[in-house]
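Taking it in order: structure first as structure tokens, then the write-up.
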Amino acid sequence: MSDSAGITEFYTVTEETARLMGVPCERDTVWPVLETYKDVMALPTVISFRTQTGPRGAGDVDCRWTMLHKDVDPYAIALEKGLVQKTDHPVGKLLGEIHEAFPIGGYGFDYGVVGGFKKTWTFFPAPEPQPAAKVAELPSMPRSVAENQGFFEKYGLEEIVNTIGIDYAKRTVNLYFNPPEREFFSAEGIRSVLRDAGMPEPSEGLLKFCEQAFGIYLTLSWDSSKIERVTFAVKTTDPLGLPVQVDPVIEKIVKNAPYTAGEQYVYGIAATPKGENHKIQSYYQWHTRVESLLTPVVDAG
């Protein structure tokens with residue numbers, strides 16, 4: 001997918017996906033993104049469409065491109081092409097600081113069919129997760145990362161940050177971890193994690209779901225020391241077979257998406273102070289390199 005015909009085809013799929021989800025596809029928003037990153041599409045880029053329940057997912061469908069080469073800085077490109085506006089907020093400096101301080105395995109970015117360019121993702125090399133304390137030392141990193149070091153240490157997360165997400169619109173940061181011990185995802189473990197993060201008691205569905213989880217990520221901001229969300233993720237080929245009540249908006253993209261990429265999905269449940277929200281990544285373009293980020297893998301059966 002290396003030429004204008006390729007991005008035209010992908011834009012058509014994007015329009016059809018947005019229509020399926022009841023969201024308007026804004027050509028003036030989406031087309032400049034595709035033009036800007038069209039050369040990336042010819043590479044083994046992993047591309048997924050994302051939707052979620054709750055207020056954060058209302059009115060938009062996001063598209064995520066990951067496994068970009070480590071020399072591709074998606075935020076710098078977005079600034080250069082006018083996809084985002086320059087800001088004096090620390091969020092605008094953070095990706096550059098990450099690039100300078102850490103080994104980089106690759107990048108990614110998100111954009112919405114309505115909201116435009118939103119997020120970037122920095123993936124550390126699979127064998128080299130990074131210490132949370134070193135992440136906290138970055139000048140532009142939210143202080144909340146340093147203020148939650150005790151939480152990371154208590155749950156064995158302090159040395160295994162594998163991905164950092166930056167949300168430029170919401171001005172938040174996500175830290176991703178793949179806990180090596182399955183005990184972490186036990187019912188007792190999940191209750192303890194959520195209690196210490198200031199979240200409500202988990203539903204029975206979430207506890208059952210976490211038996212298959214491969215990872216957890218925390219959402220933090222510059223405005224508070226509190227953890228905003230705790231999200232658990234499962235990789236599956238059968239999202240409708242997971243032990244959760246699937247929302248109709250998620251069921252739509254599973255059953256009727258106008259594309260297929262080997263029936264791969266990542267399903268997430270986010271615990272928030274106001275309740276649990278569900279989200280799904282439905283893959284348009286898949287690559288086996290992503291498997292190293294989604295382990296241990298337990299498919300729903």
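Please read these numbers as outputs of a predicted model, since none were measured by experiment.
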With sequence neighbours left out, what residues match [X] under side chain to side chain donor-acceptor pair (under 3.5 Å)?
X      : result
Glu201 : Arg191
Ser225 : none
Tyr155 : Ser192, Asp196
Asp73  : none

Practice task
Any ring-ring contact (aromatic ring centres under 6.0 Å, His included) involving residues 126-148? Give me the pairs, sequence neighbours left out, ordered by first then second residue.
Solution key: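 Non-adjacent pairs meeting ring-ring contact (aromatic ring centres under 6.0 Å, His included): zero.
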Problem - Pairs satisfying ring-ring contact (aromatic ring centres under 6.0 Å, His included), at least one member in residues 126-147, at least two apart - result: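 Non-adjacent pairs meeting ring-ring contact (aromatic ring centres under 6.0 Å, His included): zero.
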Any residue meeting ring-ring contact (aromatic ring centres under 6.0 Å, His included) with [X], in chain and number order, not counting sequence neighbours:
X      : answer
Tyr267 : Phe209, His278
His99  : none
Phe49  : Phe10, Tyr259

Heavy-atom distance under 4.5 Å between the side chains of [X] and [Y], does that happen here?
X      : Y      : value
Lys252 : Val249 : no
Val266 : Ser48  : no
Val40  : Phe109 : no

Practice task
State which residues pass side-chain contact (heavy atoms from CB on, under 4.5 Å) with Pro273; sequence neighbours excluded, sorted by chain then number.
Solution key: Met199
Problem - Considering all heavy atoms, the nearest Ser140-Pro90 contact - result: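 In this case the closest contact between Ser140 and Pro90 is CB-O, 3.5 Å.
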Problem - Nearest non-hydrogen partners of Gln149 and Ala136, listed with the distance - result: NE2-CB, 3.9 Å
Problem - salt bridge (Lys or Arg N to Asp or Glu O under 4.0 Å) evaluation trace for Glu211 with Lys208 - result: CA-CA 6 Å; Glu211 293 177 4; Lys208 190 69 176 175; 3.5 Å; yes
Fill in the blank from the handout: Quick note, side-chain hydrogen bond (donor to acceptor under 3.5 Å, both in side chains) partners involving residues 121-131, not counting sequence neighbours, are Asp110-Trp121
Problem - Heavy atoms of other groups near Arg143 CZ, more than 12 under 6.0 Å - result: no
Handout entry: CG (Asp71) with more than 12 external heavy atoms under 6.0 Å
Key = yes
Please tabulate, for the side chains in residues 74-83, all donor-acceptor contacts under 3.5 angstrom to protein atoms that are two or more places apart in sequence or on a different chain.
none

Handout entry: Backbone N/O of Ser221 and side chain of Ser144: donor-acceptor pair under 3.5 Å
Key =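 Yes, the answer is positive, given that a donor and an acceptor are paired below the 3.5 Å cut-off.
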Exercise for the section: Before accepting this row, confirm whether a basic side-chain N of the pair Glu16/Arg19 lies closer than 4.0 Å to the acidic partner's carboxylate O. Expected result: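 Looking at Arg19 together with Glu16, the answer is no, because their closest N to O distance does not fall below 4.0 Å.
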Exercise for the section: With Tyr176 as reference, evaluate Phe214, Phe123, Phe124, Tyr217 under the ring pair (Phe, Tyr, Trp, His ring centres under 6.0 Å) test and give the passing residue. Expected result: Tyr217
